[in-house]
Amino acid sequence: MLFSTEFSESITESQIFRDFISGNPIFKERFPLNSELFAIEGKLPNIAQSFTKRDAMLELLRNSMSCIQPCEIQQKNLKALEYTNSMVVYTNLSVSFLGGSIENYLKIFSAVSLVEKLEIVHRNYKFVPILWVDDSDYVSTETASTATFDKDYNILNFSLENDPNKSNFVCSNAVINDSDFEVIQKIADSLSETEYSEQLKNSIIEFYKQGTTWANAFIGIINSWFSVRGLLFIKTSSALKQGVFAHLNNLELSAPGHSSYILNQSHYQLELSGYGPFKPGESINLFFHQDNSKYQISSSRDNAFYRINDRPQNLKDIVKMNEENASLFSPGHVLMPVYQNSILPAAAIIADEREITDLAASKELFEYCEVNFPCISSRHSITFIDVHTRRFLDKNHLNTSFFLRDLHEIDEELKRKYYDTGLERQIDHIRERIEYIFEELNLAAKKLNKLIEQKTEDAKRAVNHQISELEIEMQNAQIFKHKDIFDSYNKASNFLYPDSKLQERVYSPLAFIAKSGIENFNKTLNGIISFIPNKHFFINLT
């Protein structure tokens with residue numbers, strides 16, 4: 001079963017993304033190559049034939065993939081990239097623990113799927129899927145964490161060691177240690193016991209060995225899922241070491257503030273169309289790497305001086321450092337797509353909502369840097385529905401959208417639906433009657449003496465206390481009576497929208513692969529290949 005829903009505000013907050021998906025004409029101008037992607041006589045051949053850095057690109061790919069053994073299909077794709085009739089479709093991911101959430105998997109899957117579609121239309125050209133792994137990103141709670149669920153659909157959160165004192169530490173230098181390996185073992189043990197789980201557990205332990213870098217472990221587990229689809233890998237750290245960005249670093253340093261000026265002009269045009277507000281760029285959109293950490297290059301208001309890690313720096317000295325060792329500098333996120341496309345003959349980028357929002361202002365920046373601006377395609381967006389959840393939804397005549405809200409709201413609705421509100425009204429009525437009775441008793445007591453009057457007040461408090469205790473017991477009895485119903489709703493909510501978020505943004509694909517196996521999991525996803533990724537899909541997990 002497959003059905004879909006529009007990208008509403010409850011699914012994504014990005015207005016730019018929603019309008020991009022719906023075909024707002026402004027994005028035809030902001031993303032000019034999108035209309036050319038499947039045009040037989042389009043501009044794609046120019047991208048392939050005009051690209052002059054194939055040797056540097058292939059060296060970068062081989063250096064990045066030295067941590068794995070490329071399979072035959074990957075070797076063929078590497079060979080194909082030597083020729084001028086080849087292009088790439090790439091997507092970006094930060095290093096993420098155990099592959100990260102399902103949305104990471106979907107980005108890669110969407111890239112592989114687009115490659116297959118392009119090769120049907122452009123038969124004289126070869127397209128290769130590439131995952132750009134940004135291991136120059138900071139070590140953070142997000143990169144160090146993953147989540148699965150147990151048999152009762154309780155959310156299980158796991159995290160590698162993340163030292164808060166290393167706030168500028170980058171992922172390329174993070175290594176699996178003893179305590180991390182204990183966490184990895186717990187995750188392996190938490191996966192459902194199926195015919196597929198043992199192999200998956202062995203893979204996890206194989207790739208996340210003590211002493212392995214986070215980036216290499218991440219590439220290893222992703223490669224185990226996608227090597228047969230010909231996926232190749234690039235690491236930002238390898239690109240920096242190779243010095244392939246030296247000329248772009250020099251361009252950014254030669255005119256501080258100019259790239260941000262270009263972006264600000266684009267942001268202004270987008271704001272006139274009702275988007276934004278946008279965060280202004282830095283004077284220099286580069287990071288400086290030192291001692292396994294990276295630091296933003298900040299500037300004074302008039303760009304008279306600069307700071308790196310709170311140390312004053314002269315611009316000439318920064319330029320000289322780039323000339324002597326370009327590996328010390330990495331691009332900020334606004335420049336990263338430009339840098340990537342300078343070293344890739346890219347037909348398309350598979351992007352998520354945040355990336356599409358950023359890229360909407362980037363066309364002029366690509367032109368300034370004399371780099372081809374590729375097609376921008378969104379990734380697929382999916383919520384999986386397993387057998388148990390499907391049966392529950394059908395039995396209770398529920399739509400998945402019922403659960404797209406806070407659990408407290410769901411509980412309140414269930415109380416209104418299942419609780420006997422008549423009991424509450426009866427107790428309120430009894431309290432009113434007790435109040436009336438004791439008013440009459442008080443009148444009588446006042447005619448006698450203070451002692452009787454006090455005993456009357458004590459009796460009233462005792463009766464009200466007994467009524468309150470009885471009310472609590474009745475409420476608990478109702479909870480117990482409907483516990484199974486509440487538990488079933490909570491399980492469905494945890495599975496479909498954990499922590500009131502889209503399933504794809506929280507759960508690791510590991511829990512799903514353990515249930516159905518990688519082949520069946522991919523087979524399920526193949527059901528959406530023919531669909532344009534312009535809606536959020538709900539699909540049965542086989």
Side-chain angles (χ1 to χ4, degrees), residues 60-75 77-78 90-109 111-112 128-137 139 142-146 148 158-161 170-191 196-239 241 508-514 517-519 521-522:
L60 175 56
L61 283 162
R62 292 189 176 102
N63 288 338
S64 298
M65 296 172 63
S66 61
C67 59
I68 60 173
Q69 182 62 48
C71 69
E72 184 178 351
I73 297 173
Q74 289 172 312
Q75 292 282 12
N77 278 348
L78 284 167
Y90 79 94
T91 193
N92 288 291
L93 289 184
S94 296
V95 173
S96 303
F97 183 28
L98 290 172
S101 61
I102 295 170
E103 65 180 341
N104 287 356
Y105 194 102
L106 292 175
K107 286 185 78 174
I108 302 169
F109 186 85
V112 170
V128 176
I130 287 180
L131 172 57
W132 191 295
V133 180
D134 187 11
D135 58 342
S136 73
D137 205 359
V139 168
E142 183 177 339
T143 60
S145 302
T146 193
T148 61
F158 300 94
S159 183
L160 295 174
E161 185 177 275
V170 294
C171 289
S172 60
N173 300 304
V175 176
I176 304 297
N177 58 35
D178 293 347
S179 60
D180 291 334
F181 189 72
E182 292 177 10
V183 174
I184 291 158
Q185 187 67 57
K186 287 179 182 178
I187 295 171
D189 293 341
S190 75
L191 297 176
Y196 312 105
S197 58
E198 193 62 31
Q199 182 180 357
L200 182 59
K201 291 175 184 179
N202 291 337
S203 296
I204 293 170
I205 294 170
E206 175 189 354
F207 298 122
Y208 281 81
K209 292 177 181 176
Q210 296 174 40
T212 306
T213 66
W214 286 19
N216 288 350
F218 173 74
I219 288 175
I221 197 163
I222 295 292
N223 186 62
S224 71
W225 297 335
F226 286 100
S227 63
V228 294
R229 309 294 287 270
L231 180 70
L232 305 182
F233 299 86
I234 288 178
K235 292 192 292 189
T236 299
S237 61
S238 296
K241 288 176 184 176
S508 164
L510 292 173
F512 299 88
I513 294 172
I518 187 64
E519 291 184 7
F521 188 62
N522 284 338

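Note that the coordinates shown come from a computational prediction; the quantities given were computed from them, not determined experimentally.
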Exercise for review: Measure from the ring center of Phe226 to the ring center of Phe109 and say whether it is less than 6.0 Å.
Suggested key: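 No: the rings miss the under 6.0 Å criterion.
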Indicate the atoms forming the closest heavy-atom contact of [X] with [Y], along with that distance.
X      : Y      : answer
Asp137 : Ser94  : OD2-OG, 2.9 Å
Ile219 : Cys67  : CG2-SG, 4.0 Å
Thr236 : Ser136 : CG2-OG, 3.5 Å
Ser508 : Thr146 : CB-OG1, 3.3 Å
Leu61  : Ile130 : CD2-CD1, 4.1 Å
Ala217 : Thr212 : N-CG2, 3.8 Å

Practice item. Using atom types as modelled and distance alone, determine if a side-chain donor or acceptor of Glu182 lies under 3.5 Å from a backbone N or O of Ser179. Key: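 Flag not set: sc Glu182 to bb Ser179 has no pair under 3.5 Å.
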Exercise for review: Output yes when a side-chain donor or acceptor of Ser227 lies under 3.5 Å from a complementary backbone atom of Asn223, and no otherwise.
Suggested key: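 Yes; judged by distance alone, with no hydrogens or angles, the pair exists.
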Within-4.5 Å side-chain heavy-atom neighbours: [X] and [Y]:
X      : Y      : value
Gln74  : Phe233 : yes
Phe181 : Ile205 : yes
Ile176 : Leu160 : yes
Phe158 : Leu98  : no

Check your understanding: Which of these passes side chain to side chain contact (heavy atoms under 4.5 Å, CB included) with Leu131: Ile234, Val112, Ile108?
Key ->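 Answer to the side chain to side chain contact (heavy atoms under 4.5 Å, CB included) test with Leu131 among Ile234, Val112, Ile108: Ile108.
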Check your understanding: Above 12 or not: heavy atoms from other molecules or residues under 6.0 Å from CD of Gln199?
Key ->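 Open.
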Review point. Are there more than 12 heavy atoms of other residues, nucleotides or ligands under 6.0 Å from atom CD of Glu206?
Key: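 Buried by this count: over 12 neighbours within 6.0 Å.
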If you round to the nearest 0.5 Å, how far is [atom2] of [Y] from [atom1] of [X]?
X      : Y      : atom1 : atom2 : value
Asp134 : Ser172 : CG    : OG    : 9.5 Å
Ser203 : Trp225 : OG    : CH2   : 9.5 Å
Ser96  : Ile221 : OG    : CD1   : 11.5 Å
Ile513 : Glu519 : CD1   : CD    : 11.5 Å
Leu78  : Arg62  : CG    : CZ    : 5.5 Å

**Study point:** Partner set under ring-ring contact (aromatic ring centres under 6.0 Å, His included) for Phe97, not counting sequence neighbours
**Key:**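 Checked Phe97 against ring-ring contact (aromatic ring centres under 6.0 Å, His included); matches are Tyr208.
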Practice item. Run the numbers on Gln210 and Asp178 for side chain to side chain contact (heavy atoms under 4.5 Å, CB included), then give the verdict. Key: CA-CA 6 Å; Gln210 296 174 40; Asp178 293 347; 2.5 Å; yes
Practice item. Begin with the C-alpha distance, continue with both residues' side-chain angles, and end with the deciding distance and a verdict on side chain to side chain contact (heavy atoms under 4.5 Å, CB included) for Tyr105 and Asn522. Key: CA-CA 10 Å; Tyr105 194 102; Asn522 284 338; 2.4 Å; yes
Exercise for review: Evaluate the criterion side chain to side chain contact (heavy atoms under 4.5 Å, CB included) for residue pair Asn77 and Leu231; output intermediate values, then yes/no.
Suggested key: CA-CA 8 Å; Asn77 278 348; Leu231 180 70; over 6 Å; no
Just distance, no hydrogens or angles: give the donor-acceptor pairs under 3.5 Å from side chains in residues 184-191, sequence neighbours left out.
from	atom 1	to	atom 2	distance (Å)
Gln185	NE2	Asp189	OD1	3.4
Ser190	OG	Ile187	O	2.7

Check your understanding: Looking at Asn63, Asp135, Thr213, which hits side-chain hydrogen bond (donor to acceptor under 3.5 Å, both in side chains) with Ser237?
Key ->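 It is Asp135, the one option of Asn63, Asp135, Thr213 that forms the side-chain hydrogen bond (donor to acceptor under 3.5 Å, both in side chains) with Ser237.
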Exercise for review: Begin from the C-alpha positions of Asn104 and Ile222 and carry the test side chain to side chain contact (heavy atoms under 4.5 Å, CB included) through to its verdict.
Suggested key: CA-CA 10 Å; Asn104 287 356; Ile222 295 292; 5.8 Å; no
